[in-house]
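Order of the sequence lines sets the chain letters (A, B, ...), proteins ahead of strands, with each chain counted from 1.
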There are 2 protein chains.
Amino acid sequence: MSNLLERLRRRGWRMTAQRRVVAEVLDGEHIHLTADEVLARATERLPEISRATVYNTLGELASLGEVIEVSSVGRAKRYDPNAHRAHQHLVCAGCGTVRDVHPEGDPMVGLPDTERFGFTVTGVEITYRGLCPVCGAAAPEEGPESD
Amino acid sequence: MSNLLERLRRRGWRMTAQRRVVAEVLDGEHIHLTADEVLARATERLPEISRATVYNTLGELASLGEVIEVSSVGRAKRYDPNAHRAHQHLVCAGCGTVRDVHPEGDPMVGLPDTERFGFTVTGVEITYRGLCPVCGAAAPEEGPESD
DNA sequence: CTCCATGCAAAAGGTTTGCACTCCC
DNA sequence: GGGAGTGCAAACCTTTTGCATGGAG
């Protein structure tokens, strides 16, 4: 289950119409919206919602650990509600599509102690880059390159 | 090896005073400057250099593959000249310090075929998060406060 | 001599902030 | 009813762009 709203309510998160709409818009799988996209979708359901509220809410959800800020795709941050299952991202260089993918083991073991420089390592973000089936077929050898 | 300027010259890159200064400022290990920091350091040596030229030059170095754009630290992109040795980043959540770390094997094997959804995977970026020795000691169980 | 690179400044995103007003708990 | 949440708009930060000038090859 991925009921973000439910989880938030259970945490005693103060609920308003705006917050509910933002949480609803974010809920789901393979959701990686920008703040602007969240605003657009939220506005469809609640025309009076403001950009500032969207940013406030997204920032709060992020610091609650209920959504993850993804900054490795495009200039604008994206917000990923799949915060309760460890996963990584697979990004298409052609169309920007982002898929959630799941690790086989703990990716943090990939960093040996000798490479930690005394850091306490608490997390790891992995972004795979490539071409999705559609973009890979559309530009097998005439992609965005110029030798 | 670490001589970015030399490499660029060898590639027939058109050389100007501005481009030389940008390349010099970027050269080295564990260098992860923002465009603004590059501009500041470049201005010390060449006061008439402009912000637009710094951006032009950084963008060009990135598309030449001579520097890597790192977007996972803070709001501004950072530019990493260590483009010729596969590596990953270790970022301190307290002070923002970035260290280059080196993988044991090929991190791309971590993504099984069953998780590729038909994508052609061409690369992977890994960012480890944690606390550096200084920040870890300063705030062992409290938030990083800098007051 | 010919382009390409540069400088300037304005504009284009994307995000944050200050403040008065609203309304959830 | 109190204080957190909201809306509005301006400020801010980062990056891009247009155009005339200048310098590398």
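- The interatomic distance linking Asn56(B) (CG) with dG7(C) (P) rounds to 10 Å, in whole Å.
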Check nucleotides 20-25 of chain D against the protein and report each pair of N or O atoms closer than 3.5 Å, with its distance, or say if there are none.
from: dG23(D); atom 1: N2; to: Arg14(B); atom 2: NH2; distance (Å): 3.2
from: dA24(D); atom 1: O3'; to: Met15(B); atom 2: O; distance (Å): 3.2
from: dA24(D); atom 1: N3; to: Arg14(B); atom 2: NH2; distance (Å): 2.8
from: dG25(D); atom 1: OP1; to: Met15(B); atom 2: N; distance (Å): 3.2

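- Phosphate contact (OP1/OP2 of dC24(C), side-chain N/O of Gln18(A), threshold under 4.0 Å): absent.
- Among residues two or more places apart in sequence or in another chain, the side chain to side chain contact (heavy atoms under 4.5 Å, CB included) test is passed with Arg129(A) by Ser72(A), Val91(A), Thr127(A), Thr122(B), Glu125(B).
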task: Let me have DNA chain D in dot-bracket notation, would you? Count Watson-Crick plus G-U wobble pairs, both distances under 3.5 Å, and use [ ] for pairs crossing earlier ones and | for inter-strand partners.
output: |||||||||||||||||||||||||
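- In this structure, the CG atom of Leu33(A) is 13 Å from the P atom of dT15(C), given to the nearest Å.
- Rounding to whole angstrom units, CG of residue Leu39(B) and C1' of dT6(C) are separated by 13 Å.
- The side chain to side chain contact (heavy atoms under 4.5 Å, CB included) check on Leu46(B) picks up Ala17(B), Gln18(B), Val21(B), Glu48(B), Ile49(B), with sequence neighbours excluded.
- Checked against side-chain hydrogen bond (donor to acceptor under 3.5 Å, both in side chains), Asn82(B) has the following partners two or more places apart in sequence or in another chain: Asp100(B).
- The backbone N or O of Leu64(A) sits less than 3.5 Å from a side-chain atom of Arg11(A), completing a donor-acceptor pair.
- Atom CG in Leu61(B) sits roughly 12 Å away from atom P in dA5(C) (whole-Å rounding).
- Between the CZ atom of Arg20(A) and the P atom of dG5(D) there is a distance of 14 Å, given to the nearest Å.
- Applying the side chain to side chain contact (heavy atoms under 4.5 Å, CB included) criterion to Arg9(B), with sequence neighbours excluded, gives Leu5(B), Met15(B), Arg20(B).
- Between the C1' atom of dC25(C) and the CZ atom of Arg9(A) lies a distance of 14 Å, rounded to the nearest Å.
- Sorted pairs that involve residues 101-133 of chain A and meet ring-ring contact (aromatic ring centres under 6.0 Å, His included), not counting sequence neighbours, are lacking altogether.
- Regarding Leu58(B), its CG atom lies at a distance of 13 Å from the C1' atom of dT14(D), rounded to whole Å.
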Tabulate protein N/O versus nucleotide N/O from nucleotides 8-14 of chain C, keeping only pairs under 3.5 Å, one per line.
from: dG14(C); atom 1: OP1; to: Arg75(A); atom 2: NE; distance (Å): 3.3

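- Residues that satisfy the salt bridge (Lys or Arg N to Asp or Glu O under 4.0 Å) test with Asp106(A), not counting sequence neighbours, are absent from this structure.
- Scanning for salt bridge (Lys or Arg N to Asp or Glu O under 4.0 Å) contacts around Arg51(A) gives Asp36(A), with sequence neighbours left out.
- Using a cut-off of 4.0 Å between Lys/Arg side-chain N and Asp/Glu carboxylate O, Glu6(B) and Arg10(B) are scored as salt-bridged.
- Sorted by first and then second residue, the pairs that involve residues 35-87 of chain A and meet ring-ring contact (aromatic ring centres under 6.0 Å, His included), not counting sequence neighbours, are His87(A)-His89(A).
- In this view, Ala40(A) satisfies the side chain to side chain contact (heavy atoms under 4.5 Å, CB included) rule with no residue, not counting sequence neighbours.
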